[in-house]
Amino acid sequence: MNSLRITGELSLRTVPKRLAEADAWARAGSLDLSGVTQTDSAALGLLLELTRRARSAGLPLQFTGLPPQLLALVRFFELQTVLTVTESA
């Protein structure tokens with residue numbers, strides 16, 4: 001499985017600009033978000049959109065290295081069954 005490392009900020013301010021990369025990210029197979037420095041609910045929306053695109057194409061997509069704030073949002077909204085998240089030990 002391919003893995004792609006995402007870096008920088010994923011927030012309401014930056015997510016719209018980064019949507020141009022969404023198709024490539026959705027095809028990556030695995031996205032490592034350990035390099036993401038700041039997130040908000042827009043980042044969660046992006047992960048959901050990436051998952052939708054991957055599933056529409058019949059591709060698997062998993063997320064690793066989620067920053068604590070983003071992982072907390074996934075848990076708060078109980079999206080563990082929607083998003084494939086691999087948590088660090």
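Because only heavy atoms are used, hydrogens play no part in the values below, and waters and symmetry mates are left out as well, while side chains stay in. Quick caveat, the model's predicted, so the values are computed rather than measured.
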Peer 1: Specify the closest pair of heavy atoms between Arg5 and Gly35, including all atoms of both residues, with the distance to one decimal.
Peer 2: NH2-CA, 3.3 Å
Peer 1: What residue among Val82, Leu33, Leu10 forms side-chain contact (heavy atoms from CB on, under 4.5 Å) with Leu47?
Peer 2: Leu33
Peer 1: Mind listing the closest non-hydrogen atom pair of Leu50 and Ala26 along with its distance?
Peer 2: O-CB, 3.6 Å
Peer 1: Hey, mind stepping through Thr7 and Thr37 against side chain to side chain contact (heavy atoms under 4.5 Å, CB included) and telling me if it holds?
Peer 2: CA-CA 7 Å; Thr7 60; Thr37 56; over 6 Å; no
Peer 1: Quick one: closest heavy-atom pair of Arg18 and Glu9, and the distance?
Peer 2: NH1-O, 3.4 Å
Peer 1: Kindly work out whether a path of hydrophobic side-chain contacts (I/L/V/M/F/W/Y, heavy atoms less than 4.5 Å apart) joins Leu12 to Leu48.
Peer 2: no
Peer 1: Transitively linked via ILVMFWY side-chain contacts under 4.5 Å: Phe63 with Leu59?
Peer 2: no
Peer 1: Which residues pass the salt bridge (Lys or Arg N to Asp or Glu O under 4.0 Å) test with Asp40, sequence neighbours left out?
Peer 2: none
Peer 1: Locate the shortest heavy-atom distance separating Ile6 from Leu31; write the atom from each residue and the value.
Peer 2: CD1-CD2, 4.1 Å
Peer 1: Anything under 3.5 Å between a donor and an acceptor, one on a side chain of residues 66-81, the other on a protein residue two or more places apart or in another chain? List them.
Peer 2:
| residue | atom | partner | partner atom | Å |
| --- | --- | --- | --- | --- |
| Gln69 | NE2 | Thr39 | O | 3.3 |
| Arg75 | NH2 | Glu87 | OE1 | 2.4 |
| Arg75 | NH2 | Glu87 | OE2 | 3.3 |

Peer 1: Is it the case that one hydrophobic cluster holds both Leu61 and Leu4, taking links as side-chain heavy atoms less than 4.5 Å apart, direct or via other members?
Peer 2: yes
Peer 1: How close do Ser11 and Ala42 get, heavy atom to heavy atom, and via which atoms?
Peer 2: C-CB, 3.7 Å
Peer 1: Can you list everything that forms a side-chain contact (heavy atoms from CB on, under 4.5 Å) with Glu49? Sequence neighbours excluded, please.
Peer 2: Arg52, Arg53
